[in-house]
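Both ligands and their constituent atoms are indexed starting at 1 by order of listing.
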Amino acid sequence: MSVGIERLAVYVPAYALKLEDLAAARGVAPEKYRDGLGLGEMALVPPCEDVVTLAATAGARLIGAAHLDPAQIGMLLVATETPVDHAKPVASFVHGLLGLSSHCRVWDLTHACYAGTAALMTAADWVRAGGHRVRRALVIAADIARYPLGSPGEPTQGAGAVAMLVDAEPQALILSEDTGVHARHVHDFWRPLGRREALVDGQYSIACYLDALTGAFTAFRALERPPFEPGEAFTDRVAHLLYHSPFPKMAAKAHRRLVEIDWRAAPGRVVEDLDTAAAASFRELVAPGLEAIARVGNCYTASLYFCLAALLEAQGRRLGGRRLGLFSYGSGSCAEFFSGLVPASVAAVSDAGVAASLARRTYVDVAAYERLARAPETGGDPPPGFAGAFIFEGVRGEQRRYARVGI
Ligand code: HMG
């Protein structure tokens, strides 16, 4: 049975900040954010949006685009590290807003940026397990990345949601069954209870990410079939590689590490200048998947799947019949390397909504961004031109209230 992602739909919140404006306000050379981190813009949420509205809007877009009867969804998994309640999952709000069946398993998964992959793998295994009923799972990865104002992490903030329909009719990506996993208890990035902004040991987090990539990719490569021909590398077998991208330069560092492991493990492969060859390989295999995320920033567990949606939307037809490699990293930590085959019918998912979402945003200035960052989450009215499907109205009687406004 082929199991994987039938289609994807994304949602990016209504506001954005240009990082050249942030650089000017922080007295930083704009090249540091643009070239040093690879970022151009960050997505921001207006007061009427939170992780529930991001997730629910992506889910509503996917259900609409797939012309899906919500009753066909037997599992709803929301992956997020920025929930809105200690007990009630984001998934239960989303379940209600989307009008899903009561015969549906509903829960949240949290493991920093890895949770989206945990949800995807859980859903795929559930579909593979079969049963009398056709199994379709809705997996939504959604997050709002916040770091303290003025901190090194500040330019890497972002927000967004990606919804994926997982079933036995994958038209976007057929998932490989063999994956490579690497888990290790580290304190590289965390968010103590009661804090809205994450704490991070930045350079250490980069080292942890690269160690996890080494572990996960080495485990994956050992399972690769058919065996490699002399001189053949895994990078020869894929059209593109997608990495969890807290900032695009991280994907460049990751790719440099991967090719070093991969090419050194290919007996007879001669590489004269590893740095130059790795940079050329990055431009061909990785850079095309990073253009959109550079305008969103880190959307934590949605980041990898945002890159996938953007790549398929921009280049889907060309990729039909080709293979992709994907690396997921969540601080704390757990990482997974896996691959997927883009089916020939990929044209069906060429409208994930990435370009449309990015085109409809309102740019705010740094003063407005700082007001938003400091404001308590009170909910509010949708701004002019709002493209989301749901708004967070506010808290009444200690309960969060939402309303449908679009789609
Ligand atoms: P920083 O203090 O800005 O670091 O923090 P930097 O001084 O090393 O500068 C960054 C890059 O800009 C360097 O490039 C500089 O050379 C370059 P590199 O040497 O790394 O290639 N640079 C310039 N380039 C051009 N012109 C200039 C210039 N000046 C400097 N004028 C850091 C960077 C990433 C640490 C910080 O932004 C941070 O703490 N970010 C948050 C943590 C993070 O994203 N970690 C990534 C790995 S962990 C992960 O991905 C998990 C995560 O998503 C969370 C989860 O799992 O939920 C974060």
Identity and separation of the nearest protein heavy atom to atom 1 (P) of ligand 1: Lys32 NZ, 3.7 Å
Lys253 near ligand 1 by a heavy-atom separation under 4.0 Å: yes
Contacting atoms of ligand 1, where contact means under 4.0 angstrom from a heavy atom of Gly330: 56 (O)
Within reach of ligand 1, part of Pro246 (heavy-atom separation under 4.0 Å): side chain
Ligand 1 contact on Lys249 by region, counting heavy-atom pairs under 4.0 Å: side chain
Short side-chain to backbone donor-acceptor contact, Arg191 and Arg195, under 3.5 Å: yes
Nearest neighbour of atom 2 (O) of ligand 1 from the list Gly202, Pro155, Pro152, on a heavy-atom basis: Pro152
Sub-4.0 Å protein heavy atom near atom 32 (C) of ligand 1: no
Contact partition for Thr301 relative to ligand 1, non-hydrogen atoms under 4.0 Å: neither
Heavy-atom nearest option to atom 11 (C) of ligand 1, drawn from Ala115, Cys113, Gly36: Gly36
Nearest-neighbour protein heavy atom for atom 41 (C) of ligand 1, which is reported as residue plus atom name and distance: Tyr147 OH, 3.6 Å
Under-4.0 Å protein heavy-atom contact, atom 48 (S) of ligand 1: yes
Contacting atoms of ligand 1, where contact means under 4.0 angstrom from a heavy atom of Ala29: 31 (N)
Under 4.0 Å to a heavy atom of Ala112 - the qualifying atoms of ligand 1, by number: 55 (C), 56 (O), 57 (O)
Reference residue Thr82; test side chain to side chain donor-acceptor pair (under 3.5 Å); the match among Thr301, Asp143, Asp50: Asp143
Sub-4.0 Å heavy-atom contact, Tyr114 with ligand 1: no
